[in-house]
Amino acid sequence: LMVLVCIALAGVLFLYQGIYPGVQVGDLSVGKMKQKEAQTALEQEYAQKQDLLKNVTMVVNGAEHQLDISQMNAAYNLKQTAENAWDYGREGNVFHRTYSFGGAQVDIVVDVDRQQVLDQMDPIVQQVSQQVIESTYTLEGETLVVDKGQAGYQVDKEDLTELLLKHLREGSEGKVEYTAPVVEPSPVSMEDIHNQLSVEAHSAYLDLANDPSVNTIVPSQSGAEFDAAQAQQTVDASEERMVQIPVQLIEPEVTTEELQ
């Protein structure tokens, strides 16, 4: 009996000529319609939505940008949309098709010139993107000045493009919202800075081994010493970008200027 039921169900599913019940395109229910009927219904529905393909406001990190959709050669492909609605659930075995009878949301197909979309994203990316500034340091006498760097924003125009196309496919009337991800600079490591600065100080000297003519001077080098752990606590606790750390400066006996 179960076999006979499955055979009968399979026959109904494979012979059913309409779009499966429960299928919708936007707010329009096209379930049980023939493909041509669905296309006609879509043409009537989207005749009133052509303004959605003229201008769209994209809000990126709170700033509004106006996009001229008409320059992207955007158009609703209602024939393809009706075909996609009819195709829904018609692949796979009988159990998959039975599950598909529960309905689904099918996006409207929007044809656009993708390169034009990408080109319109360029000014937005340039205005919003902010390159991350990595940390640096300078030694100014007996003071180590640490620049903790600055966070940036990473805006991908491919992400913006996909977000806009999704907005058009869904037939949305509101604004397109996008928040660019924040890119933080690498954490300051006072241990690394300490290792770079706490070198042994040495005087300037003549490089006679490589230049017997006594014209080559190996520059002098200063050293600096500080408590790396305490300095790390100071940097981490400060809310300022620039942090000053006192150091003990170790000067060479003979500087490059004196040898010259």
Side-chain angles (χ1 to χ4, degrees), residues 19-20 22-31 33-91 103-134 149-185:
I19 295 172
Y20 284 173
V23 174
Q24 287 198 183
V25 177
D27 297 329
L28 180 65
S29 176
V30 295
M33 292 184 184
K34 299 291 195 299
Q35 183 175 324
K36 188 62 178 177
E37 293 173 343
Q39 181 177 338
T40 301
L42 286 168
E43 289 170 351
Q44 295 173 350
E45 176 79 8
Y46 281 85
Q48 307 169 18
K49 296 186 176 183
Q50 292 300 318
D51 286 346
L52 297 179
L53 297 182
K54 292 182 180 179
N55 294 284
V56 169
T57 299
M58 177 169 278
V59 183
V60 182
N61 284 13
E64 292 192 355
H65 305 268
Q66 300 301 319
L67 297 175
D68 188 353
I69 307 301
S70 63
Q71 295 298 314
M72 302 176 186
N73 300 322
Y76 294 122
N77 189 335
L78 302 179
K79 181 179 180 181
Q80 184 61 55
T81 302
E83 183 177 332
N84 291 352
W86 190 88
D87 285 342
Y88 174 76
R90 283 186 157 80
E91 294 183 357
Q105 183 72 37
V106 175
D107 287 337
I108 192 78
V109 177
V110 181
D111 294 332
V112 295
D113 185 332
R114 187 178 181 84
Q115 188 57 51
Q116 286 292 333
V117 179
L118 290 169
D119 289 346
Q120 287 205 37
M121 295 304 171
D122 280 334
I124 299 178
V125 172
Q126 292 173 6
Q127 291 177 36
V128 177
S129 293
Q130 178 177 302
Q131 188 172 2
V132 62
I133 300 175
E134 294 293 346
Q150 180 174 293
Y153 295 105
Q154 185 175 9
V155 183
D156 189 329
K157 66 179 180 180
E158 288 285 352
D159 290 345
L160 295 180
T161 296
E162 289 304 320
L163 193 62
L164 174 63
L165 295 181
K166 181 176 182 292
H167 177 84
L168 296 177
R169 287 193 297 267
E170 293 176 348
S172 303
E173 298 184 10
K175 299 176 181 179
V176 182
E177 302 276 352
Y178 177 83
T179 300
V182 177
V183 181
E184 297 286 350

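Keep in mind that the numbers below use all heavy atoms, side chains included, and drop hydrogens, waters and symmetry copies.
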Would you say the side chain of [Y] lies within less than 4.5 Å of the side chain of [X], judging by non-hydrogen atoms?
{"X": "Asp51", "Y": "Glu173", "value": "no"}
{"X": "His167", "Y": "Met58", "value": "no"}
{"X": "Val56", "Y": "Leu168", "value": "yes"}
{"X": "Tyr178", "Y": "Val155", "value": "yes"}

Show the nearest heavy-atom pair for residues [X] and [Y], with the distance to one decimal.
{"X": "Gly26", "Y": "Gln105", "answer": "N-NE2, 2.6 Å"}
{"X": "Ile69", "Y": "Ala74", "answer": "CG2-CB, 3.6 Å"}
{"X": "Ala85", "Y": "Val23", "answer": "CB-CG1, 4.1 Å"}
{"X": "Lys49", "Y": "Glu45", "answer": "NZ-OE2, 3.8 Å"}

With rounding to the nearest 0.5 angstrom, report the [atom1] to [atom2] distance, [X] to [Y].
{"X": "Lys166", "Y": "Leu164", "atom1": "NZ", "atom2": "CG", "answer": "11.5 Å"}
{"X": "Thr161", "Y": "Asp119", "atom1": "OG1", "atom2": "CG", "answer": "9.5 Å"}
{"X": "Leu78", "Y": "Tyr46", "atom1": "CG", "atom2": "OH", "answer": "8.0 Å"}
{"X": "Leu67", "Y": "Met72", "atom1": "CG", "atom2": "CE", "answer": "5.0 Å"}

If we ignore hydrogens and angles and just use 3.5 Å, is the side chain of [X] paired with the main-chain N or O of [Y] as donor and acceptor?
{"X": "Asn77", "Y": "Val109", "result": "no"}
{"X": "Gln150", "Y": "Glu134", "result": "no"}
{"X": "Gln130", "Y": "Ala151", "result": "yes"}
{"X": "Gln120", "Y": "Asp68", "result": "yes"}

Between [X] and [Y], does any side-chain donor sit less than 3.5 Å from a side-chain acceptor?
{"X": "Gln66", "Y": "Thr57", "result": "yes"}
{"X": "Gln39", "Y": "Gln35", "result": "no"}
{"X": "Gln126", "Y": "Asp122", "result": "no"}

Problem - Step-by-step side-chain contact (heavy atoms from CB on, under 4.5 Å) determination, Leu118 to Glu158 - result: CA-CA 7 Å; Leu118 290 169; Glu158 288 285 352; 4.0 Å; yes
Practice task
Please determine if Glu162 and Arg114 form a salt bridge, counting it only when a charged side-chain N lies under 4.0 Å from a carboxylate O.
Solution key: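 A salt bridge is present here (some side-chain N lies under 4.0 Å from a carboxylate O).
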Exercise for the section: Apply the test side-chain contact (heavy atoms from CB on, under 4.5 Å) to residues Thr81 and Tyr76: give CA-CA distance (whole Å), side-chain angles for both, the deciding distance (0.1 Å), then the verdict. Expected result: CA-CA 9 Å; Thr81 302; Tyr76 294 122; over 6 Å; no
Exercise for the section: Give the intermediate values and the outcome of side-chain contact (heavy atoms from CB on, under 4.5 Å) for residues Val182 and Tyr153. Expected result: CA-CA 5 Å; Val182 177; Tyr153 295 105; 3.7 Å; yes
Practice task
Check whether more than 12 heavy atoms from other residues, nucleotides or ligands sit under 6.0 Å from atom NZ of Lys157, and answer yes or no.
Solution key: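 Yes, because the 6.0 Å sphere around NZ of Lys157 holds more than 12 heavy atoms from other groups.
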